[in-house]
Amino acid sequence: MTAHSSVGAGSLVLDAQALYTELLRGVRALRGPQTRLAGIASGGAWLAERLQQDLGLDGAPGVLSSVMHRDDFAQRGLAASAQTSLPFDVNGADILVLDDVLYTGRTVRAVLNELYDYGRPARVRLAVLVDRGGRELPIQADFAAARVALPATQSLALARTDSGHFHFQVKEV
């Protein structure tokens with residue numbers, strides 16, 4: 001699915017709930033019986049949590065934090081995001097990493113470093129809700145529910161309401 005629907009003065013309209021349905025379809029196709037889900041904090045962790053439930057998988061999904069391995073740690077410092085929690089053995093595991101928005105690839109690189117601090121998986125794949133291009137590293141998603149083009153002056157992030165309803169926030173940076 002490709003979404004390039006722009007409305008008004010550069011504002012992007014994306015239906016996060018519809019894209020989640022597409023992501024669910026893609027994850028069903030990617031996962032095998034031994035695949036473990038791990039979401040990147042925070043949007044990817046929300047997706048992994050809902051996918052775990054919607055796929056009827058036992059246990060909890062993993063949560064991966066990029067904080068300790070970011071290449072811009074000196075500028076950003078410690079964020080108040082979730083800590084890494086992997087309720088399964090990483091060694092030899094087939095892990096599907098989930099994120100809300102893939103942009104430069106730097107967060108995924110940091111998360112891969114974090115994941116390997118816990119062991120050596122047999123395979124790691126990436127599924128994202130939105131791929132917005134703009135890569136600075138040779139990282140790509142195995143599945144993206146949508147591909148959009150945004151100027152570098154805008155950020156795109158998944159948000160959720162208290163009831164768990166997904167929507168996107170587009171901000172000028």
Side-chain angles (χ1 to χ4, degrees), residues 1-6 9-16 19-20 22-23 26-27 29-30 35-48 51 61-86 90 93-160 166-173:
M1 171 183 262
T2 303
H4 287 282
S5 50
S6 293
S11 66
L12 182 71
V13 177
L14 289 171
D15 183 341
L19 291 180
Y20 172 78
E22 184 68 12
L23 180 67
V27 168
L30 283 175
T35 303
R36 303 289 179 239
L37 303 182
I40 299 174
S42 59
W46 298 336
L47 293 169
L51 286 164
V63 175
L64 292 163
S65 172
S66 65
V67 172
M68 297 307 290
H69 293 282
R70 292 205 55 103
D71 58 6
D72 58 356
F73 182 81
Q75 292 90 359
R76 292 173 65 131
L78 276 174
S81 67
Q83 302 236 340
T84 294
S85 168
L86 296 167
V90 169
D94 175 15
I95 300 174
L96 181 57
V97 174
L98 296 139
D99 202 8
D100 55 351
V101 179
L102 176 58
Y103 182 30
T104 64
R106 293 185 180 283
T107 299
V108 173
R109 186 218 41 91
V111 161
L112 290 173
N113 286 353
E114 177 77 359
L115 183 61
Y116 276 81
D117 283 351
Y118 286 79
R120 188 175 187 277
R123 175 168 64 170
V124 178
R125 288 169 297 157
L126 176 65
V128 299
L129 206 54
V130 176
D131 180 345
R132 64 170 285 180
R135 219 75 76 238
E136 296 174 3
L137 298 172
I139 290 175
Q140 68 180 12
D142 295 282
F143 181 84
R147 298 183 194 288
V148 300
L150 284 178
T153 58
Q154 290 182 328
S155 71
L156 177 67
L158 187 67
R160 74 175 176 180
F166 292 138
H167 61 278
F168 285 104
Q169 293 179 332
V170 179
K171 296 179 183 172
E172 293 296 319
V173 289

Q.
side-chain contact (heavy atoms from CB on, under 4.5 Å), that's the test. Do T84 and V63 meet it? Break it down for me.
A. CA-CA 5 Å; T84 294; V63 175; over 6 Å; no
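- Distance check, rounded to the nearest 0.5 Å: CG of L112 to OG of S66 gives 11.0 Å.
- Remark: Y118 OH to S85 OG distance equals 8.0 Å, nearest 0.5 Å.
- Residues A48 and G39 approach most closely at CB-N, 3.7 Å, considering heavy atoms.
- Scanning for side-chain contact (heavy atoms from CB on, under 4.5 Å) contacts around A127 gives L23, V27, L30, L96, L98, F143, with sequence neighbours left out.
- Interatomic distance, L102 CG to L156 CG, rounded to the nearest 0.5 Å: 11.5 Å.
- For Q169, there are no side chain to side chain donor-acceptor pair (under 3.5 Å) partners at least two apart in sequence or on another chain.
- Checked against salt bridge (charged side-chain N to carboxylate O under 4.0 Å, His left out), D94 has the following partners two or more places apart in sequence or in another chain: R123, R125.
- In this view, A122 satisfies the side-chain contact (heavy atoms from CB on, under 4.5 Å) rule with no residue, not counting sequence neighbours.
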Q: Kindly indicate, with the supporting measurements, whether the criterion side-chain contact (heavy atoms from CB on, under 4.5 Å) is fulfilled by L115 and L86.
A: CA-CA 9 Å; L115 183 61; L86 296 167; 4.0 Å; yes
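- Taken from CG in L126 to CD1 in I139, the straight-line distance is 8.0 Å, to the nearest 0.5 Å.
- A donor-acceptor pair under 3.5 Å is absent between the side-chain atoms of D131 and the main chain of R147, judged by distance alone.
- Rounded to the nearest 0.5 Å, atoms CG (D99) and CD1 (I40) are 4.0 Å apart.
- Shown here for L19 and A146, the closest heavy-atom pair between the two residues is CD2-CB, 3.6 Å.
- Partners of Y103 by side chain to side chain donor-acceptor pair (under 3.5 Å), not counting sequence neighbours: none found.
- Under the rule for a side chain to side chain donor-acceptor pair (under 3.5 Å), the partners of E136 that lie at least two apart in sequence or sit in another chain are R106.
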(Q) For a side chain to side chain donor-acceptor pair (under 3.5 Å) check, start with the C-alpha distance between H167 and D15, then their side-chain angles and the critical distance, and finish with the verdict. (A) CA-CA 7 Å; H167 61 278; D15 183 341; over 6 Å; no
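- Side chains of V90 and R36 form no contact here, defined as non-hydrogen atoms less than 4.5 Å apart.
- Taking the six-membered ring where the residue is Trp, F166 and Y20 present tilted rings, their angle falling between 30° and 60°.
- Listed by chain and residue number, I95 satisfy the side-chain contact (heavy atoms from CB on, under 4.5 Å) test with A93 (two or more places apart in sequence, or in another chain).
- Going from atom CD of Q154 over to atom CD of E172 covers 4.5 Å, rounded to the nearest 0.5 Å.
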Q. How far apart are the C-alpha atoms of V108 and V97, what are their side-chain angles, what is the distance that settles it, and do they pass the side-chain contact (heavy atoms from CB on, under 4.5 Å) test?
A. CA-CA 9 Å; V108 173; V97 174; 5.9 Å; no
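- Looking at V130 and D100, their side chains never come closer than 4.5 Å, going by heavy atoms from C-beta outward.
- A donor-acceptor contact closer than 3.5 angstrom is absent between the side chains of S65 and Q83.
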